[in-house]
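Below, read A as the first sequence line, B as the second, and so on, with proteins coming before strands; counting in each chain starts at 1.
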There are 4 protein chains.
Amino acid sequence: MVRFAILGCGRIGRMHARHIRAHPRADLVVCYDVAGAAALETAAETGAVVADSAADAIGHHEVDAVFIASSTDTHVDLLTLAARAGKPVLCEKPIDLDLARVDACWEDIGRLAPLIVLGFNRRFDPSFRSLRERLLAGEIGRLEQAVITSRDPAPPPVSYVQGSGGLFRDMTIHDFDMARYLAGDIVEVQAMGANLVDPAIGAAGDIDAAMILLRAASGALVHINNSRRCAYGYDQRIEAFGKKGMLQAQNRHLTTVEAWTATATGVRDPVQDFFITRYAEAYWAELDHFVDCVENGTRPIAGFAEGRESLRLADAALQSMHEGRAVRI
Amino acid sequence: MVRFAILGCGRIGRMHARHIRAHPRADLVVCYDVAGAAALETAAETGAVVADSAADAIGHHEVDAVFIASSTDTHVDLLTLAARAGKPVLCEKPIDLDLARVDACWEDIGRLAPLIVLGFNRRFDPSFRSLRERLLAGEIGRLEQAVITSRDPAPPPVSYVQGSGGLFRDMTIHDFDMARYLAGDIVEVQAMGANLVDPAIGAAGDIDAAMILLRAASGALVHINNSRRCAYGYDQRIEAFGKKGMLQAQNRHLTTVEAWTATATGVRDPVQDFFITRYAEAYWAELDHFVDCVENGTRPIAGFAEGRESLRLADAALQSMHEGRAVRI
Amino acid sequence: MVRFAILGCGRIGRMHARHIRAHPRADLVVCYDVAGAAALETAAETGAVVADSAADAIGHHEVDAVFIASSTDTHVDLLTLAARAGKPVLCEKPIDLDLARVDACWEDIGRLAPLIVLGFNRRFDPSFRSLRERLLAGEIGRLEQAVITSRDPAPPPVSYVQGSGGLFRDMTIHDFDMARYLAGDIVEVQAMGANLVDPAIGAAGDIDAAMILLRAASGALVHINNSRRCAYGYDQRIEAFGKKGMLQAQNRHLTTVEAWTATATGVRDPVQDFFITRYAEAYWAELDHFVDCVENGTRPIAGFAEGRESLRLADAALQSMHEGRAVRI
Amino acid sequence: MVRFAILGCGRIGRMHARHIRAHPRADLVVCYDVAGAAALETAAETGAVVADSAADAIGHHEVDAVFIASSTDTHVDLLTLAARAGKPVLCEKPIDLDLARVDACWEDIGRLAPLIVLGFNRRFDPSFRSLRERLLAGEIGRLEQAVITSRDPAPPPVSYVQGSGGLFRDMTIHDFDMARYLAGDIVEVQAMGANLVDPAIGAAGDIDAAMILLRAASGALVHINNSRRCAYGYDQRIEAFGKKGMLQAQNRHLTTVEAWTATATGVRDPVQDFFITRYAEAYWAELDHFVDCVENGTRPIAGFAEGRESLRLADAALQSMHEGRAVRI
């Protein structure tokens, strides 16, 4: 049984709190949020107690592990506190928006060899995971090309965009990690961005559509395409191509119903359009994996290094876009 | 909060017990099974107490509602006990294999107007439910034809078959209910059976493959096809056809992965092959519906009458098959 | 090179005339139609000459083979003329609407061992043919169940219905043949008909929707469903089920385009809705097969016997529907 | 009626010759090939006469139009001859491998305003054409992203590669044209190439896998991916994405058959793996369009300018790949 403190009781934190409570090998002991009301709500729903501070929550004597679901700017400090307390951490991505700060954090805590699982939820999606296992098992031969399609249902408000670190660090970071999950280390990045969705995002200095090329150390080529808005839902697909064929993970629909009418045939309902619903199974599997890591010493599927490398690719993509040239890693 | 007694702690009973425990508006108070060990296991897993008898479980002063998941031959007695105790019941299908006994049961308890939800789980499947709602909303006009495909992954042992009441009462009963769910009351039945899967089933006097035609009072025609064995999994599909088009509910796959190779393209993984996995969401929704019925007086989606009518159609199909003629209801 | 006379220059006759002209091993010599204008048009388009009578066309000294595409009531007489003239015949289905007349025809010409290919075009459809070849090759084991879906885009005028011999002889006859193509000889028929599409068809004494069950001598069960009207096009599907799995031949779309929007995903265009377009490749393959039969002595894929057996099944289905009982063949 | 000379009677030339013969408004008068035997074969099959030289064929007094299907290095000279003779030309792509030579050609013949249709066959594919028409009709709003997948079944021999002008000029040129067909003028190119398929191709100085990014003047982003080898056939897909949704043109299969077995479900047969079969309808439509241009003054769907622009994009992609930077057009 792993007893958790959860830091951050917003939308995603509350979901994780419910999962912890429902998990047969996990228990929620204490929760904390800078907004006290959010912590109280979570406590009321789960039976956890409310801590006075994040430090108190981490240090609580019954707490075995820490779940960091607070805002990005707090991650480094909380990771450091937890590492120093010798408590394993499951931390939402990203570690931070600033690579230097990420490296300084590791400088500080690396020697403690902390157990950190980073919340790259897509690695735990049953379909993406199955695709990768079949790829590694050689079903299509060595990977030659991958195409990662990742389009959000609707753009965030400009206020969010302004503090997000930009599309590459905020949204594409998942896709950079997915590229590494499939193709391994990346050695070259080319990026093209555009402001096609919301002029206000452009006015705020960011892009809302992008196409990226990556070259892996293995020789494989990877394409990522992003949009901040997608009419038909949350478009999340992967295509892997090799000598012996292709594997595709397609979008998920709510039902299996098809309609055939005078104007259209084979009509499915829209794809799931909310990340929490789309990746519900993945979030559960991520928690389950973390419990395994804590209880059985399982090696993390995504750790601190994965968080750092994705951020480095985001920075390289930004540089490539601004300088109009390929950036080597 | 609805506090349950569960009667029957076999495979399906244990699943229901877990659902009750996980449900935010339900609680499991007491469990009972003729096999004491099964009841002890369920109690250990859920925190329920073990009753000395089904009657004790039903009568337990903290119990608001009864979940009957015991063997078919006990259903009538337990339904009667619960009805007399004035406690709502969620009862696994079928009510009984003998229509006369079913009618006698209702004769006995009908005047008590008991709240009974019958476990026709397919009515709660998100895809079948969505298909029906769209049908009722007029998307394809009035229903003219329905095709119900229902093939089990593997035949049961002959010992099970012998006490099952035969294919129509044991397996097709779900499809008869689905036919009524889509097309309403049925007025004519034609059935053709065969022993194609396992000669031992034929030797035991039963069939293991069937095709059935139904005519609804509305005029709609319905076809059901059954097999006790299906190589590619648990084949559960529905097609509804009307003036304005067609709605189909297709099979469910574990992942969305497709493979494309030199010999085959668009290859999906096998469909789910275990009824508990295939209908996991449906079982959960069924429990949720029952809690709604108990707490809010919601009208049951499937009650005693639905159980009786499906059994009547099974009997009519058997008669049609034996006499080689259409049987009118 | 096979030189043809074509009898009947209506819509289907003109299509066949064009195919004959385009076929590298066929040539069109002469054409005839009771409506002289139709024959003149076909002659103008193809370079054939117009005969004064069907007998003259058949007897033309340059004619090697006869294509009968005239109205059903002329088929027996023209088949007889051609057989007596010792000329191979490709004849549109059905042979006749009256089984006694069909048998009398064979009584007359059978001893001449005429080469007759009957125009059961669906046997030549690339997808249905591939499905059957894979079935015969054992891919799914012995056939246990087949489901044949056959829905016309729009009902014919009542005037046509009145002379058509009824749904079973006019429309289902193709499906009876397809049942035999897949499952072999049929030994039992049960049929249920309804008037759901056009009340005028019911008033004329016919049905416009039907569901049929067949049992093959092999033990296989077959279901046919028919409708005279189908909103999404010409619905032509086959499902074959056996111990090792299932083969399905799906509908054909004009393009491979899919649309994904806010309200619907995976949307294909309507299926082909005109039998001449839907079965264009089949009609071509049928002609090609006939030329093979004439030139190389290839055994016909569908001959006189196939025409007779389908009609017999149509009669049996009619009897079953009227008497409300299974009819054994 | 348009009377053709055909220049080049190789594999693709013979196909075009057959189409010309079968087309109701076209006729084949004369053919020529540097390999006399090929010309004789085509003449024997089609009834055309064999010319002594390309010039004689073009100048033949009965010839209205010229079909250039000879090797790429002859295109400029033959285009020039035909233009000077005032005869419309349908010319296989590419115009030439050398942009300077292409421009010099136009310098020479542009003032003659010749009618030239360039054989970008994919523009005539029914599915790609339908996708584009629906895009232009506004079904998904303004184009924001396009993904063009184009993978050949098997790599050509190295001897061919050496004279091909490289992957971008030989193979991607079709995809550059498709990008322009969908997105209009292109203003920026980024390319990444690799040698993943056949080391001998790399040794010959070429690549056999590529990923490319394009930015259109409209703002749209386009991704092209290429491979010289594809296990599952000739992979030819298009995805267009805009504010209101997505249109996809999927691969084509030979039949509609699906197989469902214990190990795999929904299995389709391999996609068409030969360009002449895959694009048979497109080649026919291309000829039909050219006849329309000649007879009715229809504006060419693809002319000299389209050939030149695609070559320019190929050159830019080569430069981008070699210099590791974005190239602006």
Side-chain angles (χ1 to χ4, degrees), chain A residues 139-147 149 151 188-198 202 207-216 218-233 235 237 239 241-246 251 270-271 320-328, chain D residues 140-147 149 151 188-198 202 207-216 218-233 235 237 239 241-246 248 251 270-271 320-328:
Chain A
E139 187 168 328
I140 59 166
R142 191 182 57 141
L143 181 71
E144 291 176 3
Q145 300 192 6
V147 176
T149 299
R151 296 165 180 156
E188 185 184 345
V189 180
Q190 292 187 25
M192 207 180 258
N195 174 221
L196 302 173
V197 173
D198 181 355
I207 55 172
D208 48 23
M211 285 194 164
I212 299 162
L213 301 183
L214 307 172
R215 190 192 305 273
S218 72
L221 306 179
V222 181
H223 168 63
I224 295 167
N225 64 64
N226 288 149
S227 172
R228 280 284 195 189
R229 178 255 301 120
C230 182
Y232 48 89
D235 192 354
R237 286 173 286 149
E239 173 175 317
F241 175 81
K243 181 176 190 172
K244 292 169 21 190
M246 175 169 68
N251 276 313
V271 299
S320 170
M321 181 174 71
H322 287 146
E323 301 181 1
R325 62 175 189 84
V327 171
R328 310 215 169 247
Chain D
I140 58 166
R142 190 182 58 140
L143 182 71
E144 292 176 2
Q145 301 192 6
V147 176
T149 299
R151 296 164 181 157
E188 185 184 345
V189 180
Q190 293 187 26
M192 209 180 256
N195 174 220
L196 301 174
V197 174
D198 181 355
I207 55 173
D208 49 22
M211 284 194 164
I212 299 161
L213 301 182
L214 306 173
R215 190 193 304 271
S218 71
L221 306 179
V222 182
H223 167 62
I224 296 168
N225 65 65
N226 288 150
S227 172
R228 279 285 196 188
R229 177 256 301 119
C230 182
Y232 50 89
D235 192 355
R237 286 173 287 149
E239 174 175 316
F241 175 81
K243 182 175 189 172
K244 289 165 29 186
M246 175 169 68
Q248 295 177 312
N251 276 313
V271 299
S320 169
M321 181 173 71
H322 287 146
E323 302 182 0
R325 64 177 189 82
V327 172
R328 311 219 168 243

Using non-hydrogen atoms only, which part of [X] is less than 4.5 Å away from chain D: side chain, backbone, both, or neither?
X	answer
A:E323	neither
A:R328	neither
A:K243	both
A:I212	backbone
A:I224	neither
A:D208	neither

Please rank [options] by heavy-atom pairs under 4.5 Å with chain D and give me the top one.
options	answer
A:E188, A:E144, A:M192	A:M192
A:R142, A:K244, A:M246	A:M246
A:G242, A:G141, A:G193	A:G193

With A:D235, which residues qualify under salt bridge (charged side-chain N to carboxylate O under 4.0 Å, His left out), at least two apart?
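Salt bridge (charged side-chain N to carboxylate O under 4.0 Å, His left out) list for A:D235, sorted by chain: A:R151, A:R237.
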
So which part of D:L214 gets closer than 4.5 Å to some heavy atom of chain A, the side chain, the backbone, both or neither?
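Just its backbone gets close to chain A.
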
What's the separation between atom CG in A:N251 and atom SG in A:C230, rounded to the nearest 0.5 Å?
7.5 Å

I need the A:R228 CZ to A:N226 CG distance, nearest 0.5 Å.
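Reported value, rounded in 0.5 Å steps: 8.5 Å.
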
Taking all non-hydrogen atoms of both residues, which atom of A:R229 and which atom of A:L196 are closest, and how far apart?
NH2-O, 4.1 Å

What's the shortest heavy-atom distance between D:G245 and A:A231, and which atoms?
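Looking at all heavy atoms of both residues, the shortest contact is N-CB, 3.7 Å.
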
Residue among D:R325, D:Q145, D:E239 with most heavy-atom pairs under 4.5 Å to chain A:
D:Q145

D:S320: which residues meet the side chain to side chain contact (heavy atoms under 4.5 Å, CB included) condition with it, sequence neighbours left out?
D:Q190, D:A191, D:V327

A:F241 vs D:Y232 aromatic rings, parallel, tilted or perpendicular, using cut-offs 30° and 60°?
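The rings of A:F241 and D:Y232 stand perpendicular, inter-plane angle above 60°.
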
Do D:V147 and A:M211 come within less than 4.5 Å of each other through their side chains, counting heavy atoms only?
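Yes, at least one pair of side-chain atoms sits under 4.5 Å.
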
